[in-house]
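Naming convention: chains lettered A, B, ... in sequence-line order (proteins, then strands); numbering from 1 in each chain. Just so you know, these numbers use all the heavy atoms, side chains as well, and skip hydrogens, waters and symmetry mates.
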There are 2 protein chains.
Amino acid sequence: MGRLKKDDKVIVPFQPDRHDHGQCISEAIAAAETYCKKNGLSFTPLRRQVLELVWSSHGPIGAYELLDKLRVSRGNAEPPTVYRALDFFIEHGLIHRIESLNAYVGCGDPARRHGGQFLICRDCKSVAELDDIAIARAVIRRADALGFEAEQQTVEVVGRCSACSGEIKNG
Amino acid sequence: MGRLKKDDKVIVPFQPDRHDHGQCISEAIAAAETYCKKNGLSFTPLRRQVLELVWSSHGPIGAYELLDKLRVSRGNAEPPTVYRALDFFIEHGLIHRIESLNAYVGCGDPARRHGGQFLICRDCKSVAELDDIAIARAVIRRADALGFEAEQQTVEVVGRCSACSGEIKNG
DNA sequence: GGTTATATGATATATTATAACTTATAAAAA
DNA sequence: TTTTTATAAGTTATAATATATCATATAACC
Ligand SMILES: [Zn+2]
Ligand SMILES: [Zn+2]
Ligand SMILES: [Zn+2]
Ligand SMILES: [Zn+2]
């Protein structure tokens, strides 16, 4: 394994086993609320609820799975309800869409605008969000060399997380 | 604009305006046929036809658009026909799927296994495939630092190509 | 030739996402 | 404080993308 350098952040790590996830959610919601207030965005009860549901899974969640959960309290919810909330949050950087999974995750660092960088474990399906400046810069540098103005970049890496590759090695 | 270095390749460039596209297609098909022969894969007439249709668009094409084209000569074709062919080629690196577009493009360099790296112009919808080792290495280095075995990486960059950003600048 | 594996045909259905119109609520203007 | 305007949410319908399953054909192998 290589070494981590400063400037390299893991926004949402693998294996969120023993953290206080209730607190984790409420912090994320509070951060989102603050962010919306600062930016004049309306953080409605519906949006709050959708964001809570996204965070409560603490991993990628599909729109229709989200819809099912939403219906527990809002029996009448329909697809546009959830898609609108998702679009709103994606537009403002509070949720990322993982293209290769058709799924959504809460962003752990919405204040700092960035493209999504994800490590997706093909075995345990866990997902880690990165915010690796070296990767982002390599992309921008290359685009720039071609006269391409990069506005939004997405990096999705499929492989095996340390826990899952360890299991085989050890097992 | 930055400078290109050796090792940096643009596999499929923007603006394939004045190239002999008939030849471009037939070269790609010939390369695919050779590749399949070498690797004991059966390059059936149906698969050939699907690959030709993918290349003939010289850009990303959707599965159902492909199906429509296929039906010109195979009136009975159904979705699984085209998805199977696409899956076959994707599995063997001859076609890439662009996740953010739900679309497919022929790979310009199947012999060298690589993840897809795409610059997608939001205005003219053209797509350039890169094979930038610096980007790929930055991804692998970071994954490695986290004990993540990267197996497949996808990079999709949305922005504006030089032609489209030039149009605005020039008026 | 008989067996096995692979590929394709054909039908049905699952999954993901959006269009379009209506009603409710909030913000701004008069 | 009414009126107006903009934004958000409810509702119905449908579009777009992808897969499951079973039947048939073709190719590879023995
Ligand atoms: Zn948590
Ligand atoms: Zn993020
Ligand atoms: Zn794992
Ligand atoms: Zn390629």
Side-chain angles (χ1 to χ4, degrees), chain A residues 32-33 36-37 39-54 57 59-92 94-105 125 154 156, chain B residues 32-33 36-54 57 60-92 94-105 125 154 156:
Chain A
E33 186 163 21
C36 287
K37 222 167 245 171
N39 293 275
L41 308 173
S42 66
F43 193 67
T44 66
L46 173 64
R47 286 173 178 167
R48 170 190 297 268
Q49 198 182 349
V50 169
L51 191 61
E52 281 172 354
L53 290 173
V54 167
S57 85
I61 185 172
Y64 279 74
E65 196 182 343
L66 211 46
L67 179 57
D68 285 343
K69 295 195 178 191
L70 192 58
R71 279 178 167 155
V72 172
S73 59
R74 293 184 185 246
N76 56 334
E78 294 294 337
T81 300
V82 65
Y83 279 106
R84 280 172 187 147
L86 288 171
D87 290 347
F88 168 83
F89 287 124
I90 289 169
E91 184 182 347
H92 296 104
L94 295 155
I95 283 180
H96 294 289
R97 172 178 161 82
I98 301 185
E99 300 289 348
S100 59
L101 300 177
N102 294 339
Y104 305 85
V105 286
K125 313 297 179 194
T154 298
E156 298 183 14
Chain B
E33 187 163 18
C36 287
K37 220 167 247 170
K38 264 192 191 161
N39 294 276
L41 308 173
S42 66
F43 193 68
T44 65
L46 173 64
R47 286 172 179 169
R48 171 191 296 267
Q49 197 182 349
V50 170
L51 191 62
E52 280 171 355
L53 291 173
V54 168
S57 85
I61 185 171
Y64 278 75
E65 196 181 342
L66 211 47
L67 180 57
D68 286 343
K69 295 194 179 193
L70 192 58
R71 278 178 169 157
V72 172
S73 59
R74 294 184 184 245
N76 57 334
E78 296 291 341
T81 301
V82 66
Y83 279 105
R84 280 171 187 149
L86 288 171
D87 290 347
F88 169 81
F89 287 124
I90 289 169
E91 184 182 348
H92 297 103
L94 295 155
I95 284 180
H96 294 288
R97 173 177 162 84
I98 302 185
E99 300 289 349
S100 61
L101 300 177
N102 293 339
Y104 305 85
V105 287
K125 312 297 178 193
T154 298
E156 298 183 14

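Cation-pi geometry between A:Arg47 and A:Phe88 is met: under 6.0 angstrom from the ring centre, within 45 degrees of the axis.
C:dT6 atom P lies 16 Å from atom CG of B:Asp87, rounded to whole Å. Atom pair A:Phe88:CZ and D:dA9:C1' shows a separation of 14 Å (rounding to whole Å applied). Atom P of nucleotide D:dA27 and atom CZ of B:Arg47 are separated by 13 Å, given to the nearest angstrom. Nucleotide D:dT17 holds its P atom 13 Å from the CD atom of B:Glu99, rounded to whole Å. Distance CG (A:Leu67) to C1' (D:dA9): 14 Å, rounded to an integer number of Å. If you take CD1 of B:Ile61 and P of D:dA16, they are 15 Å apart, rounded to a whole angstrom. Distance, B:Phe43 CZ to D:dA27 C1': 17 Å, rounded to whole Å. The nearest whole Å value for the distance from the CD atom in B:Glu65 to the C1' atom in D:dT17 is 13 Å.
Counting heavy atoms from C-beta outward, A:Arg84 and A:Val50 have side chains that stay 4.5 Å or more apart. Side-chain atoms of B:Val82 and B:Leu53, non-hydrogen and from C-beta on, never get closer than 4.5 Å to each other. Within the 4.5 Å cutoff, no side-chain heavy atoms of A:Ile90 are placed close to those of A:His96.
Note on B:Tyr104: only backbone sugar-phosphate atoms sit closer than 4.0 angstrom, heavy atoms only; bases stay farther off.
With hydrogens and angles ignored, no donor-acceptor pair under 3.5 angstrom links the side chain of B:Tyr64 to the base of D:dA15.
Using a 4.0 Å cut-off, some side-chain N or O of A:Ser42 falls inside it from OP1 or OP2 of D:dA8. The phosphate of D:dA16 (OP1 or OP2) has no side-chain N or O of B:Asn102 nearer than 4.0 angstrom. Residue A:Arg97 places at least one side-chain N or O under 4.0 Å from the OP1 or OP2 atom of C:dA17. For C:dT8, the OP1/OP2 oxygens have a side-chain nitrogen or oxygen of B:Thr44 closer than 4.0 Å.
Judged by distance alone, the side chains of A:Glu99 and A:Thr154 never bring a donor and an acceptor atom under 3.5 Å apart.
Near-neighbour residues of DNA chain D inside residues 77-86 of chain B, defined by a heavy atom below 4.0 Å, number-ordered: B:Pro79, B:Pro80, B:Tyr83, B:Arg84.
Taking only side-chain atoms of B:Arg74, from C-beta outward, the nucleotide of C:dG9, D:dG10, C:dA17 with the closest atom is C:dG9.
Shown here for B:Pro60 and B:Ile98, the closest heavy-atom pair between the two residues is CB-CD1, 4.2 Å.
Note that CZ of A:Arg71 and CG of A:Asn76 are 9.0 Å apart. Values are rounded to the nearest 0.5 Å.
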